[in-house]
Engineer: 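Handing you this structure, nothing more for now.
Computed from a prediction, not measured in an experiment: that's the story for all the values here. The chains referred to below are lettered A, B, ... by the order of the sequence lines, with proteins before strands, and numbering in each begins at 1.
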Protein chains: 2
Amino acid sequence: MSKSYNAVELIRKKRQKESLSKEEIEFLIQEYTADRIPDYQMSAFLMATFLNGMNNDEASAFTKAMLYSGTVLDLSEIPGTKVDKHSTGGVGDKLSLILAPIVAACGVPVPMISGRGLGHSGGTLDKLESIPGFNVNLNLDDYRRVLAKHKMVLIGQTEEIAPADKRMYALRDVTATVECIPLIAGSIMSKKMAEGIDALVLDVKCGDGAFMKTVEDATLLAQTLVSIGESFGKQTIAFLTNMDQPLGYKIGNWLEVEESIDGLLGKGPDDIMEVTHVLAGTMIYLGKKASSIQEGIQKSKASIADGSAFAKFRDIVIEQGGDVRFIDHPENYPKSAHVSEFKADKDGYISKLDAFSFGIAGLELGAGRKKKEDRIDPTAGIVLEKKVGDRVSKGETIFRFYTNRPEALDTVHELIAKAVTISMIGPKQPQMVSHKIDKNGIMPFNL
Amino acid sequence: MSKSYNAVELIRKKRQKESLSKEEIEFLIQEYTADRIPDYQMSAFLMATFLNGMNNDEASAFTKAMLYSGTVLDLSEIPGTKVDKHSTGGVGDKLSLILAPIVAACGVPVPMISGRGLGHSGGTLDKLESIPGFNVNLNLDDYRRVLAKHKMVLIGQTEEIAPADKRMYALRDVTATVECIPLIAGSIMSKKMAEGIDALVLDVKCGDGAFMKTVEDATLLAQTLVSIGESFGKQTIAFLTNMDQPLGYKIGNWLEVEESIDGLLGKGPDDIMEVTHVLAGTMIYLGKKASSIQEGIQKSKASIADGSAFAKFRDIVIEQGGDVRFIDHPENYPKSAHVSEFKADKDGYISKLDAFSFGIAGLELGAGRKKKEDRIDPTAGIVLEKKVGDRVSKGETIFRFYTNRPEALDTVHELIAKAVTISMIGPKQPQMVSHKIDKNGIMPFNL
């Protein structure tokens with residue numbers, strides 16, 4: 001870096017709603033990463049940004065500075081247009097496990113660096129690790145090798161990827177500066193742009209169980225993400241998808257692997273498969289193996305029907321050290337010690353299942369972490385027998401809780417009792433994919 | 001403290017423009033002072049407060065929490081109604097040196113704890129220390145003793161007074177959270193309420209050379225200060241006074257002592273004496289030695305005319321160890337090594353003298369500190385031969401710069417050239433005291 005700035009002056013500018021130049025943002029991130037700007041100045045800057053925002057140029061410079069705080073992978077020696085997907089996080093969201101094999105089976109390389117569960121929302125890495133032996137901690141050489149061999153690879157963030165983000169994320173967590181669109185966008189995109197991809201599909205969750213509760217916030221986040229992706233010359237398409245109730249029927253790490261296997265075998269729940277095919281179809285289109293999203297969706301469905309997607313999943317489990325016998329025979333997987341049934345308290349239709357509460361309930365049962373150090377119980381979780389729109393009778397079992405922590409069950413029953421609404425009239429089924437957002441703008445999405 | 005809170009949750013509340021309870025604010029300040037809330041959380045809170053403000057109840061709780069972070073003096077054993085004055089800081093503002101002896105000479109005890117120069121604005125302690133031997137570092141026992149003996153005492157902030165403010169002030173300085181009315185108000189009032197006073201007069205400077213540039217901001221600060229003072233049961237009256245051009249004709253530490261001596265001897269400049277008598281008269285009124293501010297002003301003027309104010313100043317200089325020979329013969333004080341004249345570049349009337357630039361010029365000449373560790377040169381400063389409204393001729397000397405740093409003179413000439421406006425038409429004289437603000441509201445002030 002050639003130019004030097006005064007950190008206090010840069011905080012002052014953001015405080016006064018002035019915009020910062022690319023060089024000024026670079027200076028802040030580089031000096032922070034180098035420990036020459038202390039946490040207390042960065043937290044003042046983050047709060048000023050939270051309250052005064054960033055324009056698209058600033059958000060892009062911010063992402064770039066965090067990206068270049070670490071290694072940026074170059075996968076150009078691997079043939080094909082590399083495409084990844086990122087989801088902003090929800091409850092029961094096991095889509096990566098289904099769509100990565102689909103897209104790879106269709107010939108598009110998927111270099112996927114995933115995260116762990118955060119608060120009420122699950123994480124792909126935790127789900128993969130419920131498969132005995134599955135290793136998500138590949139080094140970057142193995143990452144390339146596996147990708148080249150199988151057109152897919154599933155790993156976690158390494159120390160080399162966006163270290164500035166890692167440090168800043170921890171600071172945001174303790175300074176009430178998490179839920180800020182440009183900061184969220186910078187954190188997501190700095191990691192995605194480091195993977196070596198050529199294009200990106202974004203699943204922006206919207207609803208009670210998502211970080212973005214309203215269509216307005218979700219749209220703004222999607223537009224920011226697309227704008228950043230395009231500013232890096234990567235084709236980026238986002239979808240707003242429903243996260244009012246949990247996705248599918250299973251919540252919990254191994255339970256979600258089971259449901260993913262069902263999906264790959266053509267027996268997946270409608271809501272999951274609808275979103276999966278839209279996202280996978282778009283990835284296949286961006287990966288130049290289809291001339292339209294519609295054609296991509298057809299190929300996605302075909303890869304399920306002909307067994308190639310499931311075969312790809314088996315291959316990657318074996319390659320990354322997982323015990324494939326559990327994939328072939330999920331019924332042999334160990335069970336949690338306790339199962340508790342939740343029964344409907346009246347006749348009617350389920351009109352609401354608050355996804356956030358189901359996420360928290362899963363956490364209490366052992367499927368997530370309250371603190372970073374907590375160990376996850378792979379068998380813990382929730383199986384839903386009924387979902388929104390289903391008719392139920394008083395006394396009928398509608399959910400089952402699986403846990404090795406029986407002491408959590410009272411809390412969970414109480415939590416879920418408040419999260420379920422049973423009404424006399426059947427509700428409208430929610431639309432799973434509502435809008436598509438790309439560089440041309442936002443459009444309602446219809447299959 | 002009985003109740004415990006989550007610091008992140010309190011930051012979040014302020015971020016969301018919610019107001020904090022008295023207990024929540026107490027928790028933040030106490031835990032911060034005890035080092036259990038780190039700087040990075042406090043700086044996020046300070047920025048959220050800067051941008052979202054505090055209501056009067058919060059500002060009062062904030063002040064109280066900082067006040068009780070240290071010793072709160074009880075001067076009830078000393079007879080009389082103790083009254084102090086605080087100024088928000090300006091250029092050439094030596095009023096404390098004149099009015100404290102006036103008020104004490106009129107029988108009202110003045111327990112004054114002053115500050116040092118800050119940025120472009122001077123500080124009473126630095127001025128006092130230009131008197132050889134003068135000791136501003138009395139302990140609290142000596143503070144009581146001198147006050148009881150002379151009805152006045154002039155010291156600096158001790159370690160015992162509002163330590164939370166001391167630490168927070170340093171943090172605000174490096175996180176761009178200084179110019180925030182509730183934070184400024186809390187900082188000022190926590191120190192003033194610790195002095196053991198019964199009533200307070202506030203000189204809220206307004207204009208180019210003040211921290212508050214507009215009447216609106218100055219009014220809001222004055223109202224906040226009065227509201228806090230009254231919430232502590234102390235009668236508090238504020239005045240908005242002009243700080244567009246420097247006060248008086250002298251800027252610099254010893255130079256301002258000289259001009260204060262002139263003032264005490266009845267030879268003070270009109271602008272200085274006008275504000276001094278209003279503030280001193282109000283202090284005499286609040287100290288119950290006059291039945292109205294008008295009568296207080298008459299007594300103030302009389303104490304100059306009869307020599308009692310000057311005698312009081314001599315007494316306190318002697319009591320606090322100062323060499324009184326320089327008070328009696330200021331002409332014997334050492335001179336700075338370099339004097340440089342600034343000449344008018346055309347004929348006309350001085351229509352503007354930017355006080356801020358004069359403050360910065362004084363700093364460059366050696367009269368202030370750029371960093372905490374810098375030593376002040378007591379002889380450095382500026383003497384103005386002409387002020388706003390005066391007629392000048394091209395080539396006439398209008399200012400003199402005194403310094404031991406000749407290398408600073410080019411910068412200073414350049415700075416002052418931009419700070420002076422000479423016009424064809426004589427300007428209106430500024431009104432020195434524009435408004436009075438007390439618990440009943442704001443009123444235009446006319447002598």
Engineer: May I have all residue pairs that pass salt bridge (Lys or Arg N to Asp or Glu O under 4.0 Å) and include part of residues 37-59 of chain B, sequence neighbours excluded?
Structural biologist: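 Found K14(B)-E58(B), D39(B)-R167(B).
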
Engineer: Name, in order of residue number, those residues of residues 42-52 of chain A that have a heavy atom at a distance of less than 4.5 Å from a heavy atom in chain B; otherwise write 'none'.
Structural biologist: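 The residues closer than 4.5 Å to chain B, in numerical order, are S43(A), A44(A), M47(A), A48(A), F50(A), L51(A), N52(A).
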
Engineer: Pairs in or reaching into residues 168-189 of chain B: which pass salt bridge (Lys or Arg N to Asp or Glu O under 4.0 Å), with residues at least two apart or in two chains?
Structural biologist: R15(A)-E179(B)

Engineer: With chain A, which of P38(B), A176(B), A7(B) has the greatest number of heavy-atom pairs at distances under 4.5 Å?
Structural biologist: A176(B)

Engineer: K352(A): which residues meet the salt bridge (Lys or Arg N to Asp or Glu O under 4.0 Å) condition with it, sequence neighbours left out?
Structural biologist: D208(A)

Engineer: For D93(B) and S87(B), run side chain to side chain donor-acceptor pair (under 3.5 Å): C-alpha distance rounded to whole Å, both residues' side-chain angles, the deciding distance at 0.1 Å, then the answer.
Structural biologist: CA-CA 9 Å; D93(B) 178 9; S87(B) 155; 2.8 Å; yes

Engineer: Is it the case that the side chains of D165(B) and S187(B) hold a donor-acceptor pair, with the cut-off being a distance below 3.5 Å and no angle test?
Structural biologist: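 Per modelled atom types, S187(B) and D165(B) side chains form a pair under 3.5 Å.
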
Engineer: Charged N to carboxylate O under 4.0 angstrom, K13(B) versus E24(B)?
Structural biologist: yes

Engineer: Please classify the contact of L10(A) with chain B as side chain, backbone, both or neither, using a heavy-atom distance under 4.5 Å.
Structural biologist: neither

Engineer: Which distance, rounded to the nearest 0.5 Å, do you find between the NZ of K191(A) and the OG of S114(A)?
Structural biologist: 10.5 Å

